[in-house]
Structures are given as C-alpha cells and as structure tokens.
Amino acid sequence: MSKIVIRKVTIKDLDELQKIGRQTFYETFASGNTEENMSKYLEEAFSVARLTTELSDKNAEFYFATIDENVIGYLKINFGQSQTELKDDKAVEIERIYVLKEYHGKNVGQLLYDKALAIARQKNVDYVWLGVWEQNPRAINFYKKNGFVEFDKHIFKLGDDEQTDIMMKLTLKQTSDKNGSR
C-alpha cells in the first residue's frame with residue numbers, strides 16, 4: 001500500500017469533505033438506522049452551508065487521510081467553545097474519525113487519531129474527549145485500546161431517533177491540587 005498522508009482540509013476541499021463525510025457516515029451507520037433518518041442526517045450534517053461554517057470556524061480543524069491524493073478518511077477536532085458539549089478550554093474534542101470501509105484495519109484511523117493527539121499536546125490541554133455510539137463496538141474498542149475511559153453519556157439525534165453516545169476521555173496530564181501534590 002502507498003504511503004498514507006495526513007493533510008489539513010481547507011475551504012477549497014469542501015466538495016471532497018462533503019463526499020467523504022457522507023460516504024463514511026453511511027457506511028458506518030446505515031445498517032443500524034432507517035433510510036429516512038440516514039437521509040435526513042446526511043442532508044443536514046453534510047450540507048454545503050454547514051460544512052462551510054465548520055471549515056470557517058477557527059476553533060475547529062479537519063484533516064484528510066489520503067493515499068496517492070485520494071481521500072480515504074478524515075478527522076474533525078474542536079477546541080474551546082466549538083466543542084459540541086463540554087466547551088472546556090483545557091480540552092480537545094475528537095468529533096469525527098471516519099475511514100472508508102475498504103481501508104478499515106489498515107492503520108488509517110490510528111494515524112488520524114495520532115494527529116489529533118499531537119495537536120492536543122501542542123495545545124497543552126489536560127485531556128481529549130469524544131462521544132461514540134453505544135452500538136459501535138469497533139470504535140469503542142479502538143478508543144479503549146488507546147487509553148480512553150468512559151465518563152458519561154449523552155443523546156445524539158439521528159433524524160428523529162434519539163441514540164445514546166458513550167462519552168470517553170483520555171487524560172493527558174494530571175492537574176495538581178493547591179498543595180502541589182498529585
């Protein structure tokens with residue numbers, strides 16, 4: 001297999017981001033959801049207007065994983081007030097890591113995850129967090145393997161279906177109390 005390259009997504013990549021976003025989300029979740037809910041979600045979450053707003057947000061970044069210039073996966077991370085839930089300045093949220101099904105098990109997700117962690121460390125945050133659908137054992141196991149632990153749950157709305165996401169976090173550095181002990 002050719003070398004996998006991780007590169008930052010810009011507004012010029014909007015069409016490719018929309019395509020990979022819709023395709024990977026569909027591949028990942030279509031079997032566990034109705035066609036109607038999938039269509040509604042894909043239309044809203046990956047609309048040109050929504051992606052333009054997200055790409056223009058200084059507190060959100062997208063990265064593509066490519067092989068020979070072909071996009072095979074992507075990452076979205078959020079900082080500060082752009083995080084979907086916690087909005088903690090001492091945290092980075094991994095909102096999305098998606099890889100085309102044909103590239104599962106080929107280290108693409110791990111490379112995107114490693115990029116997210118490198119950025120989190122560069123930003124000197126205390127922890128990284130994310131939400132993962134409780135019915136996605138593949139992703140849950142991936143994050144557990146990488147040291148994440150469950151800490152809460154929240155609702156994710158897919159069309160008219162309310163689903164439970166497990167919230168997980170990875171502590172990057174321990175915060176010390178006022179006596180300086182850990």
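Computed from a predicted structure; not experimentally measured. Residues take their numbers from the sequence shown, with the count starting at 1.
Nearest heavy-atom pair, Ala116 versus Ile77, reported as atom, atom and distance to 0.1 Å: CB-CG2, 3.9 Å.
For Gln18 (side chain) and Phe46 (main-chain N/O), a donor-acceptor pair under 3.5 Å exists by modelled atom type. Judged purely by atom type and a 3.5 angstrom limit, Asp57 uses its side chain to pair as donor or acceptor with the backbone of Asn59. Looking at Asp13, its side chain never comes within 3.5 Å of a backbone N or O of Val9 through a donor-acceptor pair.
Residues that satisfy the side-chain contact (heavy atoms from CB on, under 4.5 Å) test with Asp89, not counting sequence neighbours, are absent from this structure. By the side chain to side chain donor-acceptor pair (under 3.5 Å) test, Thr164 is found to be paired with no residue, residues two or more places apart in sequence or in another chain being considered. Scanning for side chain to side chain donor-acceptor pair (under 3.5 Å) contacts around Thr34 gives Asn37, with sequence neighbours left out.
Taking the charged nitrogens against the carboxylate oxygens, Glu44 and Lys157 have no contact shorter than 4.0 Å, which rules out a salt bridge. One finds a salt bridge joining Arg96 and Glu54 here, because a Lys/Arg side-chain nitrogen approaches an Asp/Glu carboxylate oxygen to under 4.0 Å. Taking a cutoff of 4.0 Å between a charged side-chain nitrogen and a carboxylate oxygen, Lys144 and Glu150 qualify as a salt bridge. For Asp161 and Lys40, the salt-bridge test fails: no basic side-chain N is under 4.0 Å from an acidic carboxylate O. Lys101 and Glu27 are not joined by a salt bridge, as no carboxylate oxygen comes within less than 4.0 angstrom of a charged side-chain nitrogen.
Residue Ile97 is grouped with residue Leu55 when hydrophobic side chains (ILVMFWY) are merged at heavy-atom distances under 4.5 angstrom, including chains of intermediate members.
Between atom CG of residue Leu51 and atom OG of residue Ser56 there is a gap of 10.5 Å, rounded to the nearest 0.5 Å.
Both tests hold for Lys123 against Phe79: distance to the six-membered ring centre under 6.0 Å, angle to the ring axis within 45°.
Here the two rings, on Tyr41 and Phe156, have centers that are under 6.0 Å apart. In summary, the aromatic rings of Phe29 and Trp133 are positioned with their centroids under 6.0 Å apart.
Counting heavy atoms from C-beta outward, Val132 and Phe142 have side chains that stay 4.5 Å or more apart.
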Step by step, would you call Trp129 with Glu85 a side-chain hydrogen bond (donor to acceptor under 3.5 Å, both in side chains)?
CA-CA 10 Å; Trp129 73 276; Glu85 198 148 325; over 6 Å; no
